[in-house]
Every structure is written in C-alpha cells, then in structure tokens.
Amino acid sequence: MSTDHGRVINFGAGPSALPLSVLEEAQKGLLNFQGTGMGVAEISHRSKEFQTFLSDFEANIRTQLDVPPTHRILFTQGGGTAQFSAVVLNLLARYRLLRPDAAPADTEARRLSAGATVRTVVDARVYSKDGRSFDNIPPHAEFAFSADPALIYYCENETVDGVEFSHDPQSPAAFPFHLLPRDKLVPLVADYSSSFMCRPIPHLADHAVIYAGAQKNIGPAGLTILIVREDCIVDVDAAAKLGATPVPLILSYKTLADSGSLYNTPSVLAIYMAGLVLERMKQNGGLPYYEEVNRRKAKKVYAAIHEGEQKGVFRRKVQQGSESWMNVVFEVLGEGAEKKFLDGAEKQGMKGLKGHRSVGGIRVSLYNAVTEEEVDKLVAYMTEFMAQAAPEAQNST
Ligand SMILES: Cc1ncc(COP(=O)(O)O)c(C=O)c1O
C-alpha cells in the first residue's frame, strides 16, 4: 500500500520518517530559498538569509524546550559519535582548569584521558532478566556517582534495546536527579539523540551538556544539536597548557560558541529541514502537543504487545516501567514467526520494523513524524497477526 508520492509507513530507527509537509516545503527551498533565486544547498552559509534562518531555528528550540539563558544552543556535525569524544575532551579541559593540580582523571572516555578513572555508575545488565541484556533502568539505590567527577554521562533513550528513563518524577525508572550534589554545578551530560524534542526535558537546567543528532525526530542526518551550560564553554588551550589533552578546534565548544556555530561550513541542508520541522512543531502546539500524541502512540503499541503476550504470540523485551516511548522492542514467538511478521507488515506498506542487528526482534520506532493514524494501522496489523498466530501458538504448547 502506498500513500502520497508512493510513500510507505516508515517505522525505521534512524534516519527516520519526516513530515510530508516538510518534505514538500523543502522541495521548494531546494530550488529557491526564500526568494534568493538559489537553492538552500547552493547558498552561502554566511548569507544574511541563512544566518537569519539559523538564528530563528535556534530561538525556536530555545522557546519550545524552555532553555534558560544559562545555556547556549550550538550546532555542529559528527552526530552522537563525535560527541562521545567532544564532550569528554571539553569537560576534561574544564576539570583541568577547575583543578589544575589534580591527576588527570566507557571506552572513549578512557582512550581520551590517559590516567583517568572511568566509573560505571551502575551496570543495568546485572538487573536484567537474563543477566546480560539492557532491559531495565536499575534501582536508584544502586547508582554510585563519583564524588568529584569531570563528567557524569547518561543516555536518556537507548535506541537499540528500547530502554528509556521515565519522565514521571515519582517513577523508580526516572533519572535520579535527587542523588546529584546540589551545592555545585554538576557536569551532567545527557545523550538525547533518539528522544530530542519528543517531550520536554526534565531538569534541563541541571545539565552541563545535552546533545542530539537530528536524524530521529527533527531532520536529516548531518546536524547535531548541543545545549551547553556556559561554565562548560572553556578555553581548551589554557587547559592544555595545564596538561589537559589538546582539543581539536572543531570539537571545542568555545570555538562553536564564539563563531555562532559557523566556524566552518555547517550542514546547511540539514539545518534548513530541521528548521522547517521545528516551525511545524510550533504551529502544532509545541512539545505539550507532541508529548500527548507520543504518549498515546506508545501506549497503543505496548497494549498490543501485552495482548499478544497473553496469547503466546509476542514477548516484550523491556521490563515494566523502563519502556521507551520512541523505540518499542519485542519478539514474535515461534520458528520463522518474526520473518512472517515483517513480511506481512511490508505487504501492508509498513517498513523499518526489523530490530537492531545486535539484539534482533522487532523494533517499532515512533518518532514525532510517525502519525497516530499510522500507529493505528500497525496495531490493527498486530491484532490481525495475533488472531492468525494464536491458534498455532496454542497448538505448539
Ligand atoms: C542514543 C544514540 N546515541 C548516539 C547515536 C550515534 O549517533 P550518530 O550515528 O549520529 O553518531 C545513536 C545512533 O543512532 C543513538 O541512537
């Protein structure tokens, strides 16, 4: 089944679906950006038209996420992967400036900081059903933060296994902000790559750095958004003189901040499309609107999985309370059943449902551009699949 332009329903984990209206608008911008007579991929990033677009985009993120004046919004490239390195280098430089005499303090942090200690605050696998999976947010009592860390890192939504911190502050699966010291500026870093702009960010002001690749919820790959607290924008060269690892200028938050995120050529097209998405989000009512729709979408899919569990057809992967809103992961039980599920879905025009290669199963990504109507179609298919598979499941038990 195809919709407009022969498009299917895309449940892919990223790059992922974008709103049709944005894609149509972007077609126009590709030919003629804001009446300049040049397409957006052809125009100088230093042109007044692009710079105005960039500052409107930034303002749109600031307003919708309610980013306080203590934090800068910066744009860069390299995705979450580049930030795995950049955030470590910048915050080690900050730490060195704060503690010039201290000994220089997962794998990337260890590589980049000779002599540093990397503590795993908590290993979720220990609390998993099989002792080796990431299927839960561990109990708060098990979080062991270092006393004076250069940075504390967490991933808000883990895209592969479909585990996410709850945004209900009362939930045992919420991030334990209450365990962080209150008396100083905590170097708390959050990877929001797969949940950026799907709902408000709890305790945003308490973060040192939040980063996200655009390619899940708000645009094409190639753009990375950073929200950086002012005290984390440090002189990396001064820190290097004190013994910190030198930071490549393009990875330095100070370089980005001083140049208005235009130190070198940015990913102009990705910024343009993400800007259009943000504008559309604003017109739809902003994050409160998306939060409600995303809540309903996830609820519907988890309810269908639950029904399938009762019938012996599906099995959830993630423990109760730790389920992601954005990436719903489950198994289809029985020999060859997953392939049958995927083939059947594809026949009905639903793609991108295959789980990550490292964990298998089915993964339904419910990013902002996936509509509630599309989710209803998937749920109808899951119900239909259960009706066919349940008698077989019963016969095999
Ligand atoms: C939560 C999260 N962090 C980081 C990454 C890596 O991002 P990138 O491929 O943009 O470097 C991904 C990729 O999908 C992700 O989902």
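Quick caveat: nothing in here was measured; it's all calculated off a predicted structure.
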For this session: I would like to know whether Lys354 and Glu346 meet salt bridge (Lys or Arg N to Asp or Glu O under 4.0 Å); could you show each step before the answer?
Result: CA-CA 11 Å; Lys354 197 168 173 20; Glu346 187 144 350; over 6 Å; no

For this session: Verify side-chain hydrogen bond (donor to acceptor under 3.5 Å, both in side chains) between Glu142 and Tyr127, making sure each step is shown before the conclusion.
Result: CA-CA 10 Å; Glu142 305 305 322; Tyr127 307 92; 3.1 Å; yes

For this session: Evaluate the criterion side-chain contact (heavy atoms from CB on, under 4.5 Å) for residue pair Leu366 and Asn294; output intermediate values, then yes/no.
Result: CA-CA 7 Å; Leu366 299 174; Asn294 286 329; 5.7 Å; no

Exercise. Could you go step by step and tell me if Asp191 and Ser193 meet the side-chain hydrogen bond (donor to acceptor under 3.5 Å, both in side chains) rule?
Worked result: CA-CA 6 Å; Asp191 177 353; Ser193 287; 2.8 Å; yes

Exercise. When you look at Asp123 and Thr120, which way does the side-chain hydrogen bond (donor to acceptor under 3.5 Å, both in side chains) test go after all the steps?
Worked result: CA-CA 7 Å; Asp123 185 343; Thr120 302; over 6 Å; no

Exercise. Could you go step by step and tell me if Val364 and Phe330 meet the side-chain contact (heavy atoms from CB on, under 4.5 Å) rule?
Worked result: CA-CA 9 Å; Val364 186; Phe330 64 99; 3.8 Å; yes

For this session: Please lay out, stage by stage, how Gln348 and Glu384 fare under the test side-chain contact (heavy atoms from CB on, under 4.5 Å).
Result: CA-CA 12 Å; Gln348 296 195 21; Glu384 190 187 301; 3.1 Å; yes

Problem set entry | From CA spacing to verdict: side-chain contact (heavy atoms from CB on, under 4.5 Å), Asp135, Lys317 | CA-CA 6 Å; Asp135 68 1; Lys317 294 268 258 190; 5.8 Å; no

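Contact record, Pro187 with Ala150: CB-O, 3.2 Å, taken as the closest heavy-atom pair. Heavy atoms only, all atoms of each residue included: Ala345 and Leu353 are closest at CB-CD1, 3.6 Å. Of all non-hydrogen atoms in Lys254 and Ile233, the two that sit nearest each other are CA-CG2, 3.5 Å. Listed here is the closest heavy atom pair of Ser166 and Gly321: CB-O, 4.3 Å. Across every non-hydrogen atom of Ala41 and Leu30, the tightest pair is CB-CD2, 4.2 Å. Residues Leu204 and Pro68 approach most closely at CD2-CD, 3.6 Å, considering heavy atoms.
The pair Arg280-Glu25 does not meet the salt-bridge criterion, since no charged nitrogen lies less than 4.0 angstrom from a carboxylate oxygen. Contact check on Glu374 versus Lys377 returns no salt bridge, with no Lys/Arg side-chain nitrogen under 4.0 Å from an Asp/Glu carboxylate oxygen. Note on Lys300 versus Asp376: salt bridge recorded, some NZ/NE/NH1/NH2 to OD/OE distance being below 4.0 Å. Ion pairing between a basic and an acidic side chain is recognised when a charged N comes within 4.0 Å of a carboxylate O; Arg182 and Asp206 show such pairing. For the pair Arg94 and Asp231, the salt-bridge criterion is met [side-chain N within less than 4.0 Å of a carboxylate O].
Counting only heavy atoms from C-beta outward, the side chains of Phe57 and Leu223 approach each other to under 4.5 Å. With a 4.5 Å cut-off on side-chain heavy atoms, Asn217 and Tyr192 do not count as touching. Side-chain contact check for Ile227 versus Leu65: some heavy-atom pair is nearer than 4.5 Å. Looking at Gln34 and Phe53, their side chains come closer than 4.5 Å, going by heavy atoms from C-beta outward. In this structure, the side chains of Glu24 and Leu20 come closer than 4.5 Å at one or more pairs of heavy atoms. The side-chain heavy atoms of Lys351 and Asn10, taken from C-beta on, include no pair separated by under 4.5 Å. The side-chain heavy atoms of Pro266 and Ile271, taken from C-beta on, include a pair separated by under 4.5 Å. Contact of the Tyr95 side chain with the Leu98 side chain is not registered, since no non-hydrogen atoms from C-beta on lie closer than 4.5 Å.
Note that OG of Ser146 and CD1 of Ile152 are 7.5 Å apart. Values are rounded to the nearest 0.5 Å. With rounding to the nearest 0.5 angstrom, the CE atom of Met350 is 7.0 Å from the OH atom of Tyr381. With rounding to the nearest 0.5 angstrom, the CG atom of Leu287 is 5.0 Å from the CE atom of Met281.
When atom types are taken as modelled, the side chain of Ser324 and the backbone of Asn157 share no donor-acceptor pair closer than 3.5 angstrom. Side chain of Asn90 to backbone of Leu251: a donor-acceptor contact under 3.5 angstrom is found.
Side chain to side chain, Glu156 and Ser195 meet the donor-acceptor criterion of an N or O pair below 3.5 Å. Of the N and O atoms on the side chains of Tyr367 and Asn327, at least one donor lies less than 3.5 Å from an acceptor on the other residue.
Taking the six-membered ring for Trp and the full ring otherwise, the centers of Phe50 and Tyr272 sit at least 6.0 Å from each other. Within the 6.0 Å centre-distance limit, the rings of His207 and Phe177 are counted as a close aromatic pair.
Around CZ of Arg46, the count of heavy atoms belonging to other residues, nucleotides or ligands within 6.0 Å exceeds 12. Atom NZ of Lys48 sits in a sparse spot, with 12 or fewer heavy atoms from other residues, nucleotides or ligands closer than 6.0 Å.
Note on Val189: it does not cluster hydrophobically with Phe145, by side-chain heavy-atom contacts below 4.5 Å among ILVMFWY residues.
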